[in-house]
Amino acid sequence: MMIQYDHILLQMLMVLFPIILYQAIMSDKRMGHKLEAAYWFAVCATTVSLCVVFTIKIEEGIYLDLRMVPWFLAFLYGGPAVGFLVSAFFVVIRFIAGGPGMVPAFVVLFICTLVILKFRLHFKNWSRPKKIGMSIVFLGFTAYSIPYIGSLILDVPVTKIRLIIYGVYIAANGITVWLAVHLLESYSEKSKLLNEIRKNEKLQVVGQMAASVAHEIRNPMTSVRGFVQLLSTSTALSESERSYLSVCLMELDRANKIISDYLSLGKNFDQEKLRPVNLSWIASQSVKSLSSYSLMENVEVKFTNDHHAVVLGVPGRVQQMLVNLIKNAIEAASPSGFVEMTLRKKGDSVLVIITDDGTGMTSQQIENLGLPYYSTKEKGTGLGIMVTLQIIKEMGGTWAVKSELNQGTQFTLSFPLAKQGEGSPAEAEERVYVSV
Ligand code: ADP
Ligand code: MG
């Protein structure tokens with residue numbers, strides 16, 4: 001009985017090679033979900049078979065190899081469906097290989113499958129070091145339990161040389177899964193970062209344009225609006241002429257709103273300006289300011305608030321943020337839908353949950369949220385969400401979105417509550433106006 005280092009190294013290479021290949025092929029592109037699942041199945045199933053072919057034979061029917069690593073990666077990175085397929089594939093291969101070690105291998109596989117289904121639910125929320133640490137622990141236990149359960153069931157004595165082999169085998173599993181998870185996680189972090197940089201670059205370009213162009217347009221528009229308003233007070237106008245002028249004013253206000261959105265993009269926000277604002281009050285004002293719009297779109301808007309929430313922000317911008325989100329929800333729910341905004345305290349934070357039963361979004365549409373000019377509407381500007389996300393960031397808040405096509409969308413914002421010492425908001429200060 002010898003430690004077959006060459007086989008161990010070969011197996012490590014076989015597990016890691018497809019991951020490196022994946023990163024090289026994918027460098028900048030994205031596969032569709034189905035194609036990615038197919039890739040993971042092909043890679044993991046091939047690696048499992050290769051591991052079995054180059055297995056370390058302890059004695060007739062008892063084999064040690066790294067097959068649990070691709071099996072583990074199949075569940076975590078390919079999803080449960082891929083995981084079950086790879087497990088089924090492994091059962092077939094192990095059955096063909098036969099020998100007395102088959103029963104312990106199946107027992108371990110069954111127990112590990114139960115554990116990994118729970119494990120994967122928490123996995124995506126962990127930090128990279130915790131992911132790596134827990135993966136090593138998982139694989140360490142698995143690698144330990146295969147020979148342990150094997151020797152129990154088969155009644156094989158654990159000799160010194162066997163213990164050393166088991167030790168090397170457990171270490172090989174740990175090292176391989178560490179490298180694999182490290183490579184995959186750093187790759188996904190890198191691509192997330194790249195996406196973020198791309199978004200920010202676009203944002204900067206839009207911001208610069210906004211600052212230079214929008215400001216120039218706004219001045220002549222203000223004087224035009226003033227004269228139109230003056231004209232509309234004239235007594236010499238007929239009823240229809242007056243209605244034309246009011247359409248003029250409405251359209252000028254709409255254009256002004258678009259310019260305001262542009263300008264607030266270019267702004268470099270000063271943290272110092274944040275002050276305690278009554279979020280509950282602003283939220284109810286936002287719903288009120290949209291009441292005629294929701295009536296027009298035939299959408300019922302409900303507001304529930306179980307908490308008097310004070311957060312740090314700038315009243316006008318907080319209202320702008322909420323109005324943007326409610327307005328999108330109304331537009332998605334129209335015609336004859338339902339929108340609900342709820343404020344709820346959660347620990348030291350307040351949650352603002354905006355739900356609609358409207359068109360919903362695909363995962364690709366969700367990914368595009370916040371990109372400048374991204375709009376699926378005929379008359380959309382594609383700036384609302386972008387400004388909203390910027391305001392959330394300024395306020396130190398976070399956001400999440402859940403959406404299903406043709407079912408509806410739910411935006412959940414979370415803001416830290418202002419601490420006692422930070423003062424209470426003056427009501428008069430909050431009488432803000434945001435054009436809708
Ligand atoms: P606009 O409203 O001018 O299109 P936004 O930035 O406000 O621009 O929104 C961008 C896009 O995000 C919308 O065109 C729409 O496709 C999508 N969207 C935003 N909110 C919702 C929602 N509640 N339901 C469905 N789609 C939404
Ligand atoms: Mg919008």
Side-chain angles (χ1 to χ4, degrees), residues 246-247 249-262 264 279-305 309 313 315-344 350-362 365-366 368-392 397 399-415 430 432-436:
S246 89
V247 173
L249 280 178
M250 249 167 57
E251 289 299 299
L252 276 171
D253 284 342
R254 207 167 73 83
N256 200 26
K257 157 89 173 79
I258 295 169
I259 291 176
S260 302
D261 279 352
Y262 266 116
S264 60
L279 186 66
S280 312
W281 193 82
I282 294 184
S284 73
Q285 283 307 102
S286 309
V287 174
K288 251 187 227 162
S289 70
L290 281 164
S291 56
S292 61
Y293 187 68
S294 57
L295 211 64
M296 209 166 71
E297 298 285 325
N298 198 18
V299 172
E300 188 190 342
V301 182
K302 199 176 150 203
F303 175 50
T304 46
N305 178 19
R317 289 183 60 81
V318 175
Q319 182 158 3
Q320 190 179 14
M321 167 186 83
L322 296 177
V323 164
N324 283 346
L325 289 174
I326 305 167
K327 196 160 170 260
N328 277 344
I330 293 174
E331 282 160 3
S334 171
S336 68
F338 181 74
V339 171
E340 183 171 17
M341 175 155 78
T342 311
L343 249 69
R344 194 185 307 145
V350 57
L351 299 183
V352 181
I353 305 162
I354 298 163
T355 316
D356 67 67
D357 61 355
T359 53
M361 288 177 270
T362 61
Q365 284 174 326
I366 293 178
N368 288 341
L369 284 178
L371 283 179
Y373 312 123
Y374 172 69
S375 176
T376 52
K377 297 167 198 163
E378 208 182 314
K379 278 192 162 182
T381 61
L383 291 171
I385 295 283
M386 193 170 160
V387 173
T388 301
L389 299 188
Q390 204 182 19
I391 299 172
I392 296 171
W399 69 286
V401 61
K402 269 196 292 190
S403 188
E404 211 160 307
L405 210 57
N406 301 324
Q407 300 290 319
T409 303
Q410 185 173 64
F411 277 90
T412 306
L413 320 184
S414 168
F415 299 102
E430 289 166 18
V432 288
Y433 173 74
V434 173
S435 65
V436 178

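Every heavy atom of this structure was used, including side-chain atoms; hydrogens, water molecules and symmetry mates were not.
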> Do any pairs count as a salt bridge (Lys or Arg N to Asp or Glu O under 4.0 Å) and have a residue in residues 280-294, sequence neighbours left out, and if so which ones?
Replying inline: none
Shortest non-hydrogen contact between [X] and [Y], atoms and distance:
X: L290; Y: K327; result: CD1-N, 4.0 Å
X: A283; Y: L343; result: CB-CD1, 4.1 Å
X: F303; Y: S280; result: CZ-O, 3.9 Å
X: S375; Y: G380; result: OG-CA, 3.4 Å
X: S286; Y: I326; result: CB-CD1, 4.1 Å
X: G337; Y: D357; result: CA-OD1, 3.6 Å

Test item: [X] side-chain N/O and [Y] main-chain N/O as donor-acceptor pair under 3.5 Å:
X: T412; Y: V352; answer: no
X: Q365; Y: T362; answer: yes
X: S403; Y: G360; answer: no

> Is S289 close to V323 at the side-chain level, that is, under 4.5 Å between some pair of heavy atoms?
Replying inline: yes
So, taking the atom named [atom1] in [X] and the one named [atom2] in [Y], what distance separates them when rounded to the nearest 0.5 Å?
X: Q410; Y: D356; atom1: CD; atom2: CG; result: 9.5 Å
X: Q320; Y: I391; atom1: CD; atom2: CD1; result: 4.5 Å
X: K402; Y: T409; atom1: NZ; atom2: OG1; result: 11.5 Å
X: L369; Y: W399; atom1: CG; atom2: CH2; result: 5.5 Å
X: L325; Y: I385; atom1: CG; atom2: CD1; result: 5.5 Å
X: M321; Y: L413; atom1: CE; atom2: CG; result: 5.5 Å

> Should L383 and M386 be marked as a side-chain contact (heavy atoms from CB on, under 4.5 Å) after you check the CA-CA gap, both sets of side-chain angles, and the distance that decides it?
Replying inline: CA-CA 5 Å; L383 291 171; M386 193 170 160; 4.3 Å; yes
>> If the condition is side-chain contact (heavy atoms from CB on, under 4.5 Å), which residues does T304 pass it with, not counting sequence neighbours?
In response: K302, E340, T342
Could you give the side-chain donor-acceptor pairs of residues 328-335 under 3.5 Å, partners two or more places apart or in another chain?
from: N328; atom 1: OD1; to: K377; atom 2: NZ; distance (Å): 2.9
from: E331; atom 1: OE1; to: K377; atom 2: NZ; distance (Å): 2.6
from: E331; atom 1: OE2; to: Y293; atom 2: OH; distance (Å): 2.8
from: S334; atom 1: OG; to: E297; atom 2: O; distance (Å): 3.4
from: S334; atom 1: OG; to: E297; atom 2: OE1; distance (Å): 2.9

>> Assess the residue pair S294 and V339 against the criterion (side-chain contact (heavy atoms from CB on, under 4.5 Å)); give the C-alpha distance rounded to whole Å, side-chain angles, the decisive distance to 0.1 Å, and a yes or no.
In response: CA-CA 9 Å; S294 57; V339 171; over 6 Å; no
